[in-house]
Amino acid sequence: MGIRLYNTLTRRKETFQPLSGREVKMYVCGPTVYNYIHIGNARPAIVFDMVRKYLEYRGYNVFYVSNFTDVDDKIINAAKELGEEVPVLAERFIQAYFEDTGALRVEAADLHPRVTETMPEIISFIEALIDKGYAYEAEGDVYFSTQSFEDYGKLSSQSIHDLQLGARIEVGEKKKNALDFALWKAAKEGEIAWKSPWGYGRPGWHIECSAMVKKYLGDTIDIHAGGQDLAFPHHENEIAQSEALNEQKMANYWMHNGYIQIDNEKMSKSLGNFVLVHDIIQKHSPEVIRFFMLQSHYRSPLNFSEELLDSAKNSLERIQTTVNNLKHRHKESAGFGKAGQWAEAVQQHKHTFIQEMDDDFNSANGISVLFDLVKLANRYLQENHTSKDILQAFLDTIREIGKALDIKVETAEEILDEEIEGLIEERVEARKNRNFARADEIRDHLKEQGIILEDTPQGTRWKRE
RNA sequence: GGCGGCAUAGCCAAGUGGUAAGGCACGGGUCUGCAAAACCCUUAUCCCCCGGUUCGAAUCCGGGUGCCGCCUCCA
């Protein structure tokens with residue numbers, strides 16, 4: 001069957017077929033680096049990181065490129081406000097981006113090109129568009145003429161006619177048509193600028209992605225992705241630029257993630273309801289945030305609240321607890337019984353996981369299969385005699401699924417200091433002698449230090465709160 | 001005005017023709033010295049509303065209601 005994914009371009013789920021064998025070229029629109037990222041920015045980072053890792057799990061080699069917009073109006077304004085140089089500010093937030101997304105288990109792209117490092121390619125791209133008659137210069141600006149590109153609107157399924165009715169024209173703009181967009185903007189007095197055939201200036205927002213895709217991935221790529229709001233106009237404009245110049249399809253599959261909402265409203269600066277990753281991970285573990293996001297389908301809108309994060313934390317702990325319990329029993333079980341119903345059931349769950357994930361990266365269903373497997377494992381753990389091999393099969397499969405989604409299915413093993421170890425020993429003795437007062441005293445004392453004790457038929461265990 | 005999305009239990013969330021996954025929370029039970037963890041049971045006769053198609057629809061069609069987004073920088 002293979003992988004099927006929803007293509008915004010055709011508005012259908014399609015069988016995924018890369019251009020070249022098992023090689024996948026993937027481009028994800030990255031952030032404008034003028035602030036710390038908010039959880040809305042985190043969603044595409046997490047979701048497409050999951051897509052990448054799942055493709056790799058399924059045997060594809062993914063070449064993943066994601067840009068940094070490191071010069072534009074927002075950055076210039078932020079730099080002005082903070083009295084900082086544009087490149088310094090951009091660099092600072094690029095590093096912050098890596099820290100925040102790293103905490104969310106997002107793997108760095110193979111390449112993270114920046115606008116400021118792609119200037120020659122951007123300029124020659126624009127020159128070529130002018131030569132082909134798709135763009136025109138106007139007093140130091142260069143605009144793309146949308147009317148000259150026949151397919152304009154195909155991604156967002158809008159007609160040029162309808163778009164024009166809704167378009168706003170700002171006073172003083174130099175473009176000929178309301179829908180035309182800037183490829184190059186002439187510099188204002190004192191602004192950071194690059195030399196070009198049209199004078200000093202800087203690129204418009206959309207051209208960078210077209211230039212970077214062409215430079216690093218080629219004229220046609222497999223997957224181009226980003227947030228839903230980028231479909232129009234950003235991706236529409238990218239298509240216009242790239243396909244006008246290359247006369248080839250820019251990307252075979254366009255993927256767009258749904259929005260994060262707060263109280264069912266879009267997160268935005270004007271509403272003042274945005275949550276920075278930098279802040280939220282002080283209170284909630286980034287692993288929980290990742291798990292939370294993957295618990296719903298990437299295209300659905302996703303409401304965000306701290307209560308939902310708390311609930312997700314409990315869910316994730318259910319998995320981690322089971323893995324812990326499997327590990328404990330594994331240590332003290334003998335190795336026999338590789339085959340049989342339990343082993344078959346484990347295998348079956350793995351296949352179901354793949355089946356669900358193959359269907360448009362349905363991580364919500366993938367995770368529910370993981371919970372089914374956890375339940376099965378817990379049932380197995382109720383048995384009086386367990387086999388090391390079966391326990392290993394459970395552990396392997398849970399870890400494998402965990403890795404495919406890159407969610408944290410197990411907690412790090414720690415070593416307790418001798419004093420605490422001694423107290424646990426003392427409590428075991430106390431319980432043997434039915435001195436429950438002392439036993440409870442020790443348990444309460446350790447709880448204050450964040451250590452939870454559990455008495456099982458196989459002995460006393462501990463875990464961190 | 002144009003384009004698009006969403007509406008499923010207290011909460012979150014799958015499911016796009018075959019008779020409602022999964023998680024959190026709640027209640028009852030088992031286990032336990034008591035707990036914790038886990039297991040078992042219970043929890044939507046029903047999927048925003050009204051029509052229609054069908055042997056059969058949460059799922060398809062028509063109409064309506066509510067909410068959200070894009071069309072301006074935005075993940």
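Chain letters run A, B, ... following the sequence lines, proteins first and then strands; every chain starts at 1. Hydrogens, waters and symmetry mates play no part in the numbers below; they use all other heavy atoms, side chains included. On a predicted model such as this, the values are computed, not experimentally measured, just so you know.
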Restricting to nitrogen or oxygen on both sides, can you table the protein-nucleotides 59-62 of chain B pairs closer than 3.5 Å?
none

Hey, mind stepping through Asp72(A) and Arg202(A) against salt bridge (charged side-chain N to carboxylate O under 4.0 Å, His left out) and telling me if it holds?
CA-CA 8 Å; Asp72(A) 95 322; Arg202(A) 62 193 149 83; over 6 Å; no
What residues form a side-chain contact (heavy atoms from CB on, under 4.5 Å) with Asp279(A), not counting sequence neighbours?
Leu276(A)
Atom pairs, N/O to N/O, protein against nucleotides 28-32 of chain B, distance under 3.5 Å?
none

Nearest to side-chain heavy atoms of Arg434(A), which nucleotide of C68(B), G33(B), G4(B):
G33(B)
Excluding sequence neighbours, so at least two apart, what forms ring-ring contact (aromatic ring centres under 6.0 Å, His included) with Tyr298(A)?
none
Tell me the salt bridge (Lys or Arg N to Asp or Glu O under 4.0 Å) pairs involving residues 35-53 of chain A, sequence neighbours left out?
Asp49(A)-Lys53(A), Asp49(A)-Arg290(A), Arg52(A)-Glu56(A), Arg52(A)-Glu107(A), Arg52(A)-Asp110(A), Lys53(A)-Asp406(A)
Intermediate values then yes/no, salt bridge (charged side-chain N to carboxylate O under 4.0 Å, His left out), Glu236(A) and Lys154(A):
CA-CA 7 Å; Glu236(A) 199 71 71; Lys154(A) 71 175 177 180; over 6 Å; no
Heavy atoms from C-beta onward define the side chain here; which of G33(B), G15(B), A38(B) lies closest to that of Asn362(A)?
G15(B)
Indicate the atoms forming the closest heavy-atom contact of Ile223(A) with Ile221(A), along with that distance.
O-CD1, 3.4 Å
Base-pair string, RNA chain B, Watson-Crick plus G-U, cut-off 3.5 Å on both distances, | for inter-strand, is ((((((((.[[[..)..(...]]]..((((.......))))......[[[[[..)....]]]]])))))))....
Taking U43(B) as the reference, what is the distance to G28(B) when you measure between their P atoms (whole Å, please)?
16 Å
What I want to check is whether an N or O donor and acceptor connect the side chain of Gln295(A) with the base of G23(B) at under 3.5 Å.
no
So, are Glu14(A) and Arg4(A) salt-bridged, with charged N and O less than 4.0 Å apart?
no
Considering only heavy atoms, which members of residues 313-321 of chain A lie under 4.0 Å from some atom of RNA chain B?
Asn314(A), Ser315(A), Arg318(A), Thr321(A)
Base A38(B) paired with Arg379(A) side chain (donor-acceptor, <3.5 Å)
no
Taking only the side-chain heavy atoms of Ser296(A) (C-beta and beyond), determine which of G69(B), A38(B), A13(B) contains the nearest atom.
A13(B)
For nucleotides 6-11 of chain B, give me every protein contact, N/O to N/O, under 3.5 Å, one pair per line with atom names.
none

Sugar-phosphate, base or nothing in reach of Asp440(A), heavy atoms under 4.0 Å:
base
Of the non-hydrogen atoms in Ile407(A) and Leu294(A), which two are nearest, and what is the gap between them?
CG2-CD1, 3.9 Å
Sequence neighbours left out, what pairs pass ring pair (Phe, Tyr, Trp, His ring centres under 6.0 Å) with at least one residue falling in residues 428-465 of chain A?
none
Salt bridge between Lys174(A) and Asp141(A), side-chain N to carboxylate O under 4.0 Å?
yes
Residue list, ring-ring contact (aromatic ring centres under 6.0 Å, His included) with Trp342(A), at least two apart or on another chain:
Tyr380(A)
Can you see whether Tyr6(A) has Arg299(A) sitting over its ring - NZ or CZ less than 6.0 Å from the centre and within 45° of the normal?
yes
Tell me whether the side-chain N/O atoms of Lys375(A) come closer than 4.0 Å to OP1 or OP2 in C40(B).
yes
Over all strands shown, is Gly40(A) touching base, sugar-phosphate only, or nothing at heavy-atom distances under 4.0 angstrom?
base
Think Arg443(A) has a side-chain N or O under 4.0 angstrom from the OP1 or OP2 of A36(B)?
no
Can a side chain N or O of Asn41(A) be found less than 4.0 Å away from OP1 or OP2 on A75(B)?
yes
For the side chain of Ala439(A), counting heavy atoms from C-beta on, which of G4(B), G33(B), A35(B) is nearest?
G33(B)
Please tabulate the protein-to-nucleotide N/O contacts below 3.5 Å involving nucleotides 17-21 of chain B, giving atom names and distances.
| unit_1 | atom_1 | unit_2 | atom_2 | d |
| --- | --- | --- | --- | --- |
| A21(B) | N3 | Ser368(A) | OG | 3.4 |

How would you label the contact of Asn325(A) with the nucleic acid (heavy atoms, under 4.0 Å): base, sugar-phosphate, or nothing?
sugar-phosphate
Which residues share a side-chain contact (heavy atoms from CB on, under 4.5 Å) with Gln95(A), sequence neighbours left out:
Glu91(A), Phe98(A)
Spacing of the P atoms in U59(B) and G17(B) (rounded, Å):
11 Å
